[in-house]
Every structure is written in structure tokens, then in C-alpha cells.
Amino acid sequence: MSSSDDDRPLARTHKANGITNAFTLGHPPKSKDIISESVDKAMDKANPPAAHGAPGISIRNGPVDEMDIDGPVVNSKVNGKRKARSSMGNGKSYKEASEGDDDEANPLSKRRRVSKGKNKAEVDSDSDDAPLVSKKLKTKPPTLVRKPVKASETAIGESEDSDAPLGEKLAKKKADIQKSAAKEAKAIRKDEKEHPKTKANGTASSKKRKSQINGVKKEESDDDGPLAKKAPAKKKANLKTEASPKKKGKTSKVETKEDEEAEAEEEEYRWWEDPTKGDGTKKWTTLEHAGVVFPPEYQTLPSNVQMLYEGKPVRMAPGAEEIAGFFGSMLNSTHNIENPTFQKNFFDDFTKMLKETGGATDRNGNKVNIKEFSKCDFQPIFNYYDAQRTEKKALPAAEKKRLKAEKDAAEAPYMYCMWDNRKQKVGNFRVEPPGLFRGRGDHPKTGRVKKRVDPEQITINIGKEGKVPAPPEGHRWKEIKHDQEGTWLAMWQENINAAYKYVMLAANSDVKGQSDFKKFEKARELKKHIDHIRKDYNAELKDKVMANRQRATAVYLIDQFALRAGNEKGEDEADTVGCCSLKFEHVTLKPPNKVIFDFLGKDSIRFYDEVEVDDQVFKNLKLFKKSPKSDGDEIFDRLTTSALNKHLSNYMNGLTAKVFRTYNASFTMSKLLQDMKSTGSIAEKIVDYNEANRKVAILCNHKRTVAAGHESQMEKLGDRIKGLKYQKWRIKQMMLDIDPKIKKKKEKEEGDDYFRLDEELEEIWIHEHQNFLVEEERQKIEKKFNKENEKLQADGGKEMKHKELEERLEEADRLAKKYKKENKTGKVEAEGKGPTVEKCEGNLVKLDQRINTMLFQAKDKENNKEVALGTSKINYIDPRLTVVFSKKFDVPIEKFFSKTLREKFDWAIKSVDEDWEF
DNA sequence: CACAGTGACTCCGGAGAATTTTA
DNA sequence: CTAAAATTCTCCGGAGTCACTGT
């Protein structure tokens, strides 16, 4: 797929703000810090928890030991986010039972969800907030004594009463609410921050970075000329404290003579592994670009195109009309349009704008108060836009081409930039146009108006010596930066989530290629540590410290099932999860060791899998779901993604949860390709490759919605297969017609049902099929007739008479008659000239082949209907594996990589021979 | 490595355009 | 051979990951 597609360097978004937090209504129950042996044992014996709630185990307050078995199940808590949103009312409180156990104690306990909004003081005293939350909840104020973390944690045998106080959590909730309101405001204020990077801070951790910075600085001062970069760059490499693998240091002659690619240079310069690039903090030395392209201004609708309110047309100011237009133009997207949240958010923003712009009026100029969404009819607007689309589509090809050329010419300057004097393609230089926010899943903000971005909101990042692109007439940029540590050319914040949007280079650029290369090298490096890591986590599955045990279990899941890390999410985002954020209800345990995952992951794509896990993992999950925990509570309540990643980084520099996905995907692909037999045609090899690709996609849970016409397509395919089978039957009958004696012989050789009609071919179907064949024949004849006539006419001759056509059509009638007769007699006369049994058998073989390929096609299609192969191919499977396969089995790389993909993976295509291994 | 914020970069599936295959 | 259907390719922009800062 495409280059840009994948990582689209485009604007990225990120939620900057986070503001949000949940309103937690109660304290979610937490696991104990320390797990006593008795607990473990109990887990062993305990009855299998039923699917969801485990029956009787609950945690009480007592010392660990006792806690394990039974006890009243308390119910629990609630947790923030989702509950607050979806079921606000019921937040239940965490009951006393749970309270006892915790005390919070250590800071260690991760209170991940504590309110973000509040400051810690508030957190501590949860009692304070309680009122806000709900009276009931607050029964017990946990004493929050912060104990020395370490102590409790390390103490294995210690009793744990340590369960943390859940109190803190709730604190945050309310803050969020306010927050969201303030969000927009916040976006605005963001401007003032400067970037942190430059500040000198004394943190120890930043040491490394500092040194790099120094190096950078040096460079800056040194080189001014383009050519100068070389030397300094080298220097920098030395300065690096990082482990940066000095691949081959060669590249020395990095002459980057950009311009035309000097072949010679390319040969030598393996830019993707240039240690002076990418690995450091400094990403470029010189950078020039033309900035961004703004979307066209809003064009008001013709005066006769108006939204109807209660059936009557209304007029409004352009600002409001534009918003109505956003909605009206997407009337065919029922998926969004019918979503209540989408409607509400849209309508709120729409009416707000109406209010700000003077409202709407009817044809007499009287005010019309638009207050009910259901009374709005956007159809006229939709019709207008739709007509425009159709019109545009109907334009003559030449005209379309001209328009496109015009647009391309206008955008040409923005398409490329000069990055360290090499011409590089820019990924997305178009500022996102305004419209309605299409948040996926049940995003609380879906449907809100995404505002037009002004130049005043855009920050440009460019080389000091680069010419700053001119902002639109009468405007200015928000800021001009020269941040060499960033790879972006322009950036702004969007108004919905205050997320950052960046303009970056295209996927086929050097920087992106380098980081892609590095990503896969990192995954390959994991190979060297994976055994060790697995051994460790297997051992830690029994760790006495809850946090460690949870961590080990999480790593197990991430490694085995390719789960994503699972960061905590805010209140104003769709409620989706990953490993660390799995909730009680997402995991169902079926003894002895079966686990069923069912949750919404990234992009609200459902992850459903029934797997068998290691016994200890099963036991742990049971433990993590124990007692007061219930729906809404986190399974890994003692684990955060940062703690997890921190732990992983101990094994290997740069190792994080996501690396496991890359590693497992590539490793799996590598194994599959290795074991593939090299036989078959190119087409067969491609099918084999795709099969492997599909397995990886399934591993990564890359899904797509089943195409609209899938069902009917499958049916059609089935019909074609049946048609072939019917033809087979007819041919066999012909054989009998030719030589009746053959019957016994064939039945003996091939089975008694050799001449029998496949029961799949019902009589009614056959009749339909025959009609279809006859009709098909008829159309063929007509078409041919018409064509010939046209030709005759063109040549100046005279057309054939209609009678001629009728005569020709008799052929079809004869066919129909033939079928009729066959139906009646049950016999089929041999067709063709000089029919022989041998010829028939030859035909049968051919038919069988066609049937087989079609059956295979059908199966393939069915298997693939909800699997998206692209994502794994673009992001997870080391492209070098594909290149190796291509070379080894002599299949052109074009069969696997489209043009843009070949550009994106240029580094891979150039870098390996067929012996390379992942 | 607690935790709330920031910031920046990768990854994802759908929409629509471009191509190819089919009827 | 052409129009339509199916498939493939690109583009788009929303959704995650993860590092780092400041307390």
C-alpha cells in the first residue's frame, strides 16, 4: 500500500491533553501488594470461577493469608471512566468490605487513575472529594499513610494489608469534567509554552541527551555550508553515548549530493543505516520547505439551496450554513448520521454557531428558532453537493486530467522539501479541512465541529537558513521554530481533543526509512533476549509481589497474543483497552486453562480470542479478578504501561511492549516463509505468501469490515461452480450417448455415482441456470448483431434487417429447446464435432481444474473477508523478508509491493540478498 | 518510576480513486 | 469491446504508543 498510508506522516494527532479524567465514583478495589502462599494455594483449589465472576473468593481485609478464600463478595467499585460515562448513575460504591484492606499505603501502589486534574493534596484526602462523588461512597477514608514503598514491596512475606486505598481514584473525576469544558480554552493557551527541549535542566536522566545536544550545538556552529556537515556529523557519532550500533561506519563519504541521484553514491551510501542519522537527537542540519496548503475557503450555497426546518427553508449566516453543510453533505454516511452522539454533538455545535451568527430566518425574514434536530432536513443540501459530485465525475476525461494537472502544478512546491540537501517528499502538506469530527467507536466527541485552522495556529519548523514560507495574505504564523530534534515541518493543534497534528515527510523519505529500519533492527535484537525474557516472566508468574506478578502476566499476554500495551485512557475518549488496561469483564476464565478475551481494542476493533494459557497464568488471572473486583475494575491494577516498559528496557535498550508485536509478527512471517515449499507457479507462490501474511494479520488482529457485496459475491461464485458441475454432468451424459456401454465400466472405476447428478444441483436451480444460459446466449447474439450493424453503417453499407436478428436468435431458442428435451428425457446428446469419449474426458479434466481453482478462490475469499492484510505488511512484517522470498523463489517484488510500498521499502529492497534472515 | 501533562511519532481501517477483471 | 463490478492502491485523519518534564 502506500507510502503515505502507513505512517502517515501526516498529521498525527495526539491528545494532548488529557485532561480528562474520570469521575470515579468509588474506589476501585485493588489487589494486595503481596501475595501469600496461601493465596496461591487457594487459587489452585478454588473452584473455577465461573465465567465472569468468580464465585466466592473475595478479599477481605485481613492479613493476606486469610483473605483468600471466600468472603463475601463485595461488590465493588466502579471505576471511573467507563462507568462514569455509561452508567453514571450506578456507580456503586465500594463497599466496606473492600475498604478494609487497603490502606494505602504505599505510594507504590499505583494509583493510576487518580485524578489527573487534581493535585495531590486532593488526592490524598479522598474524603474530601467524596461528597462530590456520592455520599455513599465514602465510607471509609483510608488512611493514606505513605509508607516507604520499597519496604512493603520487597517484603515478601509481609502481610499485606497493604492494599491501597482506592480512595484516591475518585478524586479526579470531577476535575475532568471541568476540564473538558476548559479544553478548548486550553488549546488556546497552549501556545505559550516553549519547548522544553532547549531548556537546560539538570535532571540526571537527561544527561545523555545533553551530551548530544552539545554535540549538536557544536555542529551547528560549525557547519554552515551544506558540505560542511560531514565532518561534524562524524564527530557527533562519537559523542554519542548511546549504544548506537555503529554499523559499518563507512558511509563516510556521505556526500549527499542530493539532486539527481548519483548512482554511484547511492551504491555506497546506505542512508538507512547511517549512524550519524536518526539515532541521535538531531534529525537534520538544514531544512527548507514551502509550508502548508490551506483548504479552499467556504463557498456559500446558492440561495435556493437551503436546509428545511419543519419543512420550510431557512436562511442563515455562512458560518452556520457551513456547519449545516458538513452534516448535509454526509447524509449518505448513515453510519455516522444515525449515531445519536454524533447527532447531538453536531447539533449542539450547530445551534451554538447559529446563536453566534444571528440565527436563522424564514423567507420573510422572520426568525426561526432551530431547536430540534429531528425537524431539520438537510436533504436539499445533500442533493446539491451530491449533484456537484456527480457532475464532476461526469466530466470528460480530458477535462479531469487538465484539472488534476492544474492542481498538481499548484501544489508542486509543497510536495517536496530539502532535508540536509536531499530532496524529500512531504507526506501531508495539506492542512486538514474543517468538518465534523469522526471519532470512532463510541467516541464521546464524535460529530463535533472540527474548526478551520488559521495560519495563526500553525507553527513552522524550518532550518535557520531556510526561507520561511509566506503565510497567506494578511496572516502570520503562530511561530517559527528551528527544532532540529523534530522531524516535522509544520504543526498545529486541533480543537476537538487539542491533539497535535504534524506535517512530516512521506514514508519513502530517508528519515522515515531510517526509523523503519531501526524499528525492525530493534525487533531482531529482541530475538537475542527473548529466551531470557520468557524465562524470567515465567518465573515471575509466581512472584510474591503483586506488581511483579501482574507485570509478568502482562508480558506473557503481550508476548503470546500480541496484545497492545494498553495505556490508560481519558473520560473523553472512546472506551477501548489494551493489555494493561484490561478490565474484569474482558477476560473470562474457563477451567482448566482456557481464557476468553473479548474487548474493544484500538479503533474500537473487537478483539475476541479463546486461548489456552499456562496454568500459572490462568491462576494469576483468577487471582487478579478476585474478590471485590467486578465489572469495570482493572485486572492489572498494579501495573502501568510505563512501569512495564521500564521493566522491559532493562533487558534491552529501547525494548517496549510494542516491539513484541513487531517481533512476533516478523518472526512468525519468517518461519512461515522458511517452511514454504518452493514449488508451484508464481501465482501459487503469491497465494502462499498471502496465506502467511494472513496468519500474521490474524495474530495482530487486523480486521476490516466485510465488504457490502461479499455475500452476493460468494453466492455468485457458488453459482459459477455449480454451473461447471452441471456442465460436467452433461458431458458425462454425452459420454453415455456416445457409448452406452461405458456406464458399467466407469461406475466400476469411479464409483457408482459417477453419472449421478450432484444432489447440490436441484432441479429448480438447473432450470434457472438453463434459462440463464439461454438468456446469455441471446444477449451475446444481439450484441454481436448490433456491433456488426454499426460497423456496416460506418462503412457506408446498409444495416441488416431486424429479421436477420430474429433468425439469429433462433439459435438461442434451439438451445432452450435442447435443455427442455434433456430435462424430459434425462439424456444429453453429444455436442461438438466428432465427439468421442476421449474428448469428453479431456473436457472433464479441464472442468475439474476450473472447479478447483474456483473452490480455492472462494475459500480464500471467505477466509479473507474480515482480515486486512495491508496493515501487517506495511507496519509489522520486516520488508526484507518479502524481498528475500521474492529473490529466493523468483517472484517479482512488484507482486508483493505496490509502487509506493516499493519506494517506502527501498532500503529493504536494496539491502538484502536471499540469504538474509530475520 | 508516582503521576499529570506534553509532545512527537507509529499504526489503523475506511473512503474514494485508480486499475483490473468480468459479464 | 464496453460498462459494470471487483480489486488494489492512496489518502486521510483518528487512535495508540512512549519518552520526557515538572512536581
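No experiment lies behind these values; they were computed from the predicted model shown. By convention in this document, chain letters (A, B, ...) are assigned in the order of the sequence lines, proteins followed by strands, and residues within each chain are numbered from 1.
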*Asks:* So, OP1 or OP2 of dT17(C): does either fall under 4.0 Å of a side-chain N or O from Thr641(A)?
*Replies:* no
*Asks:* Starting at CG of Leu655(A) and ending at C1' of dA19(C), how long is that distance when rounded to a whole Å?
*Replies:* 15 Å
*Asks:* Is Arg638(A) salt-bridged to Asp33(A), cutoff N-O under 4.0 Å?
*Replies:* yes
*Asks:* Write down the atom of Leu395(A), the atom of Lys400(A), and the distance for their closest heavy-atom approach.
*Replies:* O-CE, 3.3 Å
*Asks:* Side chain of Ala565(A) only, please: which of dT17(C), dG13(C), dA6(C) is the nearest?
*Replies:* dT17(C)
*Asks:* Please confirm whether the shortest side-chain N or O distance from Arg638(A) to OP1 or OP2 of dA2(B) is below 4.0 Å.
*Replies:* no
*Asks:* Out of dG13(B), dG13(C), dC9(B), which nucleotide sits closest to the side chain of Trp488(A)?
*Replies:* dC9(B)
*Asks:* Side chain of Lys658(A), heavy atoms from C-beta onward: which of dT17(C), dG13(C), dT10(C) has the nearest atom to it?
*Replies:* dT17(C)
*Asks:* In this structure, how many angstroms lie between the C1' atom of dG13(B) and the CZ atom of Arg564(A), rounded?
*Replies:* 11 Å
*Asks:* From dG13(C), dT10(C), dC9(B), pick the nucleotide closest to the side chain of Glu432(A)?
*Replies:* dG13(C)
*Asks:* Between dG13(C), dC9(C), dA6(C), which nucleotide has the shortest distance from any of its atoms to the side chain of Arg440(A)?
*Replies:* dG13(C)
*Asks:* Within this structure, what is the CG-to-C1' distance between Asn332(A) and dG16(B), rounded to whole angstrom?
*Replies:* 12 Å
*Asks:* Could you state the CG-C1' distance from Leu644(A) to dC3(B), rounded to the nearest angstrom?
*Replies:* 17 Å
*Asks:* Take atom P in dC18(C) and the same atom in dC1(B), then report the distance between them in whole Å.
*Replies:* 16 Å
*Asks:* Rounded off to whole Å, could you give me the CZ-to-P distance for the Phe607(A) and dC12(B) pair?
*Replies:* 13 Å
*Asks:* Does Ala657(A) reach a base, just sugar-phosphate, or nothing at all? Heavy atoms under 4.0 Å.
*Replies:* sugar-phosphate
*Asks:* Heavy atoms only, 4.0 Å cut-off, all strands: where does Arg389(A) land among base, sugar-phosphate and nothing?
*Replies:* nothing
*Asks:* Between dA8(B), dA23(B), dC11(B), which one does the side chain of Asn875(A) approach most closely?
*Replies:* dC11(B)
*Asks:* Would Asp878(A) and Lys519(A) pass as an ion pair if we require N to O under 4.0 Å?
*Replies:* no
*Asks:* If you look at every strand shown and take non-hydrogen atoms under 4.0 Å, does Lys400(A) touch a base, only sugar-phosphate, or nothing?
*Replies:* nothing
*Asks:* Salt bridge between Lys512(A) and Asp516(A), side-chain N to carboxylate O under 4.0 Å?
*Replies:* no
*Asks:* By nearest nucleotide on DNA chain C, pick out whichever of Arg430(A) and Gly441(A) is the more 5' one.
*Replies:* Arg430(A)
*Asks:* By the 4.0 Å heavy-atom rule, please label Arg704(A) as base, sugar-phosphate, or nothing.
*Replies:* sugar-phosphate
*Asks:* According to side chain to side chain contact (heavy atoms under 4.5 Å, CB included), who are the partners of Asn664(A), at least two apart in sequence or on a separate chain?
*Replies:* Arg534(A), Asp559(A), Phe660(A), Leu699(A)
*Asks:* Regarding Asn645(A), tell me which of base, sugar-phosphate or nothing describes its non-hydrogen contacts under 4.0 Å with the strands shown.
*Replies:* sugar-phosphate
*Asks:* Hey, what's the ring geometry for Phe897(A) with Phe905(A), parallel, tilted or perpendicular (30° and 60° as the breaks)?
*Replies:* tilted
*Asks:* Nearest of dA6(C), dC1(B), dC18(C) to any side-chain atom of Gln713(A)?
*Replies:* dA6(C)
*Asks:* Please figure out whether Leu436(A) or Ser649(A) has its closest DNA chain C nucleotide nearer the 5' end.
*Replies:* Leu436(A)
*Asks:* Verify the contact: side-chain N or O of Lys716(A) to OP1 or OP2 of dT22(B), cut-off strictly under 4.0 Å; return yes or no.
*Replies:* no
*Asks:* Rounding to an integer number of Å, can you tell me how far Lys481(A) NZ sits from dA8(B) C1'?
*Replies:* 11 Å
*Asks:* Would you say Asn645(A) and Thr656(A) are linked by a side-chain donor-acceptor pair, where the criterion is simply a distance under 3.5 Å?
*Replies:* no
*Asks:* Measure CZ/Arg606(A) against P/dC12(B) and give the value in whole Å, please.
*Replies:* 19 Å
*Asks:* Is it the case that dC11(B) (base atoms only) and Lys602(A) (side chain only) share a donor and an acceptor within less than 3.5 Å, ignoring hydrogens and angles?
*Replies:* yes
*Asks:* So, OP1 or OP2 of dT8(C): does either fall under 4.0 Å of a side-chain N or O from Ser898(A)?
*Replies:* no
*Asks:* Strictly below 4.0 Å: does Lys569(A) bring a side-chain N or O up to OP1 or OP2 of dG16(C)?
*Replies:* yes
*Asks:* Out of dG13(C), dA8(B), dG14(B), which has the shortest distance to the side chain of Lys501(A)?
*Replies:* dG13(C)
*Asks:* Check whether any side-chain nitrogen or oxygen of Lys861(A) sits under 4.0 Å from OP1 or OP2 of dT7(C), and answer yes or no.
*Replies:* yes
*Asks:* Answer yes when Glu866(A) and Arg704(A) have at least one side-chain N-carboxylate O distance shorter than 4.0 Å, and no when they do not.
*Replies:* no
*Asks:* Given dG13(C), is OP1 or OP2 found less than 4.0 Å from the side-chain N or O atoms of Tyr502(A)?
*Replies:* no
*Asks:* Check every strand shown and say whether Thr576(A) touches a base, only sugar-phosphate, or nothing at a heavy-atom separation below 4.0 Å.
*Replies:* sugar-phosphate
*Asks:* Over all strands shown, is Thr656(A) touching base, sugar-phosphate only, or nothing at heavy-atom distances under 4.0 angstrom?
*Replies:* sugar-phosphate
*Asks:* Which nucleotide, dT22(B), dT17(C), dC9(B), lies nearest any side-chain atom of Arg720(A)?
*Replies:* dT22(B)
*Asks:* Assuming nearest nucleotide by heavy-atom distance, tell me which of Met491(A) and Ser642(A) is located more 5' along DNA chain B.
*Replies:* Ser642(A)
*Asks:* Choosing from dG13(C), dC9(B), dC18(C), which nucleotide comes nearest the side chain of Thr487(A)?
*Replies:* dC9(B)
*Asks:* Hey, which sits more toward the 5' end of DNA chain B by its nearest nucleotide, Val511(A) or Ser333(A)?
*Replies:* Val511(A)
*Asks:* Once you round it to whole Å, what is the distance between C1' of dT22(B) and CZ of Arg850(A)?
*Replies:* 13 Å
